[in-house]
Amino acid sequence: MRLSQFPLSTLKETPNDAEIVSHQLMLRAGLIRRLASGLYTWMPLGLRVLKKVEAIVREEMNSAGGVELLMPTIQPTELWQESGRLEQYGPELLRLSDRHERPFCYGPTHEEVITDLARREIKSYKQLPVNFYQIQLKFRDEIRPRFGVMRAREFVMKDAYSFHLDADSLQNTYEAMYRAYSNIFTRLGLRFRAVHADTGSIGGNASHEFHVLADSGEDAIAFCPDSDYAANVELAECLAPSAERPTATAAMEKTATPQAKTIEDLCQQFDLTASQTIKTLIVEASEECDADFVALLLRGDHELNDIKAEKHPWIKAPLSFAEEKAIRKVVGAGPGSLGPINLPLPVIGDRAVASLGGFATGANEDGFHWFGAHWERDVDLPELADLRNIQAGDPSPDGAGHIEIVRGIEVGHIFQLGTKYSESMGATVLDENGKDSVMTMGCYGIGVTRVIAAAIEQNHDNKGIVWPDNIAPFKLAIVPLNQNKSERVRDYAEELYRQCQSKGIDVVLDDRDARPGVKFADIELVGIPHRIVVGDRGLDNGALEYKGRGDADSRDIPLDQLDELLQSLV
RNA sequence: CGGAGUAUAGCUCAGCUUGGUAGAGCGCUGCCUUCGGGAGGCAGAGGUCGCAGGUUCGAAUCCUGCUACUCCGACCA
């Protein structure tokens, strides 16, 4: 490709509606343009990246036994009624109707369509297992699209659906998909991690999310460097501390703490550490609980995990905190002075608070705290539960070491679905005995367009994108300098360009009539991994200048060693 | 949907408080100069100031309503 013939549209300044780097760089490098909220046009340059990602996904899916098909984006709403998901999906489902007023929706996912297909096409266990996949646009009318293509409303997704006679077969395909996903993200050149995920409302017995590791990631992942344990922080279980509770010595002491409204204040003013304190949060109780509110106890340095809390039968879901007025009415003191001692409410303690001894906590009297309190001597040990977020340094739930936390972007998710859809939609086959048997399903998604944003989040510097080789829009840029004046430079660059093309190198020639600074800046912004500069200065020395996008400096390549370099780029 | 904010040239923004015929930088077009890190000069093109009402002799500016977009929360590939 010649850049003089390619509509490259780079931006020097950062558009102000882009918040995260990947979005900014995708706009600046001219990969995408926004049409409306959550809707993006893939520009020629961006499309090259998209096609490369798709190709890798396709190859790995095929070699893992997947079969590609293509389902419509528009689906009849009837199918969603059948599966029972119409209400569940709610306003995120974009509904439309045709000229006959028949209800349709723009597919946010394709379980219904594929299950409908399967029940028509698959009659015998001999046709199983199969794993259909497609690479198709989806539309989800997200409440809040953001971060460009990272959370768009319309996006490209690779979705696969497998059908099986039994759970063992599903397990095999599931494992094959796990491996395929690992291969895909490896080939894409990304640092990623597969993590245990909640099977949640979809049910089934296994689910993994694949996360690209990046500081800007929306999810926090807890993993153990000494084992293969990795889970979303929201789900990672916090084990009860193994340490013995210290024995009581001095009696507890009521202390005036008028200036201490927070744990932080308290620690500063009274020389305590947060892990010696207990904080008390008041939340609304569920109907199952006979009080209006429930008190939750957490160690001062721990954070409440909403999801875990909501799972407790006494606590109302979704979680909601009591208002100060209500707290004062029930307890007689405001937040900042609350504690479990003489608290007229049901209490749930996080596991970690149970092993504290001599702790500080609010006295349920404004401006006072108890110091040196002990369980059982001063107050009964409450009901215990896992209520907090796991933290770096906590023991791994699998007992193999200590947890570290990284941030990640969810780019893939694999599920063992079971019979949720096949059951409700009547997708059955005849088994060996000639009996109807409900097929068991798995489903496997990759956010293809999101992968691209994630790749940029993970690979960029202050000059722009630093693409991994395999998904760069071009692999090599040839940059002739002063080509208009120097015939020698022009001829050499043209010759080199031809040579690269004949070797099958994915090359772009920057034959634009632009100044060197402009060319360098564009090539770097766009993130082309390899660059060869052809200039008079180099040719005088019988050399070309090579620079990898991630390299600090360029280096001269003597003309007679050029072939070697080109060979490595094929 | 709740909360916060923005809307003026292709992009980044000034002008609005205190109403008086619309500005800059970058980008774009032409010419000259320059040619190893987003150069310099000259000349240009480009805006119903988001939309609709209102106040006023006069509205980008003040008032009301609407719309779009962005950010924070729940959702997700």
Would you please say whether a donor-acceptor pair under 3.5 Å links the side chains of A:Tyr421 and A:Arg85?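 A:Arg85 and A:Tyr421 do have a side-chain donor-acceptor pair below 3.5 Å.
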Close residues, residues 513-522 of chain A, relative to RNA chain B [heavy-atom separation under 4.0 Å]: A:Arg515, A:Pro516, A:Gly517, A:Val518, A:Phe520, A:Ala521, A:Asp522
With the threshold set at under 4.0 Å for non-hydrogen atoms, list the residues of residues 27-50 of chain A touching RNA chain B in residue-number order.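 Here the set is A:Arg34, A:Ser37.
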Among A:Arg555, A:Arg531, A:Arg537, find the residue that satisfies the salt bridge (charged side-chain N to carboxylate O under 4.0 Å, His left out) test when tested with A:Glu545. A:Arg531
Which letters describe nucleotides 4-16 of chain B, given B = protein heavy atom under 4.0 Å from base, S = only from sugar-phosphate, - = neither? -------BSS---
Check the angle between the aromatic planes of [X] and [Y] and answer parallel, tilted or perpendicular using the 30° and 60° thresholds.
X: A:Tyr174; Y: A:Tyr444; value: tilted
X: A:His413; Y: A:Phe415; value: parallel
X: A:Phe132; Y: A:Phe163; value: perpendicular
X: A:Tyr89; Y: A:Trp80; value: perpendicular

Taking the [atom1] atom of each, how far is [N] from [M], in whole Å?
N: B:rG46; M: B:rC62; atom1: P; value: 29 Å
N: B:rG15; M: B:rG36; atom1: C1'; value: 41 Å
N: B:rG10; M: B:rG47; atom1: P; value: 8 Å

Is [X] close enough to [N] that one of its side-chain N or O atoms is under 4.0 Å from OP1 or OP2 there?
X: A:Arg151; N: B:rA77; value: no
X: A:Arg146; N: B:rG73; value: yes
X: A:Lys12; N: B:rG27; value: yes

Under 3.5 Å: donor-acceptor pair, side chain of A:Asn459, backbone of A:Ala455: yes
